[in-house]
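I have placed the structure first, in the form of structure tokens, so that the comments after it can refer back to it.
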Amino acid sequence: QVQLVESGGGLVQAGGSLRLSCAFSGGTFSDFVMGWFRQAPGKEREFVSAISQLGDIRNYADSVKGRFTISRDNAKNTVYLQMNSLEPEDTAVYYCATADSCQPPWGLAAWGQGTLVTVSS
């Protein structure tokens, strides 16, 4: 059974940076597209970014383009989200997920427990 564990969240000032990690186990990591989603307080969960199995295709929400970078290390079974120039609007619980596609419908399957990112103004 696939398990995902996110880490790297925390409190950061606006303009700062954080790198989230998501460790994968219980399957073949390189079989999956990996995605990052987030859910802000009182809002629905939304797409942030996705990366293909070999890392050659990356997709981003318009709200994070140019500020966030998704990457993966198939040898370490880990996907990353580098977040720069953070804004208070980025405050949310960030989740990683396995997917079938980098485009909607993503074919989402397994989810992690989430990691909280709080950006203060």
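The figures here come from the full heavy-atom set of this structure, side chains too, leaving out hydrogens, waters and symmetry mates. Predicted model, so just to flag it, every value in this text is computed and none were measured.
Annotation: ring pair (Phe, Tyr, Trp, His ring centres under 6.0 Å) contacts of F29 (sequence neighbours excluded): F24. R67 is linked by a salt bridge (charged side-chain N to carboxylate O under 4.0 Å, His left out) to E87, D90, counting only residues two or more places apart in sequence or in another chain. Every residue was checked against the salt bridge (charged side-chain N to carboxylate O under 4.0 Å, His left out) condition with K43, not counting sequence neighbours, and none meets it.
Put simply, CG on L81 and OG on S21 are 9.5 Å apart, with the number rounded to the nearest 0.5 Å. Atom CD of residue Q53 and atom CG of residue D31 lie 7.5 Å apart, to the nearest 0.5 angstrom. Interatomic distance, S52 OG to M34 CE, rounded to the nearest 0.5 Å: 12.0 Å. Summarising the geometry, atom CG belonging to L108 is positioned 11.0 Å from atom SG belonging to C96; distances are rounded to the nearest 0.5 Å.
Taking the side chain as every heavy atom from C-beta outward, S49 and N59 never approach each other to under 4.5 Å. No side-chain heavy atom of C102 sits under 4.5 Å from any side-chain heavy atom of R58.
Counting only distance, with no hydrogens or angles, the side chain of E6 and the backbone of Q113 share a donor-acceptor pair below 3.5 Å. The closest donor-acceptor contact from the side chain of T91 to the backbone of E89 lies at 3.5 Å or more, if one exists at all. When atom types are taken as modelled, the side chain of S101 and the backbone of Q103 share a donor-acceptor pair closer than 3.5 angstrom.
Both tests hold for R45 against Y95: distance to the six-membered ring centre under 6.0 Å, angle to the ring axis within 45°.
The side-chain contact (heavy atoms from CB on, under 4.5 Å) with L18 is formed by just one residue from the set L86, N84, L11; it is L86. Screening W111, F37, W36 for a ring-ring contact (aromatic ring centres under 6.0 Å, His included) involving W106 leaves a single residue, F37.
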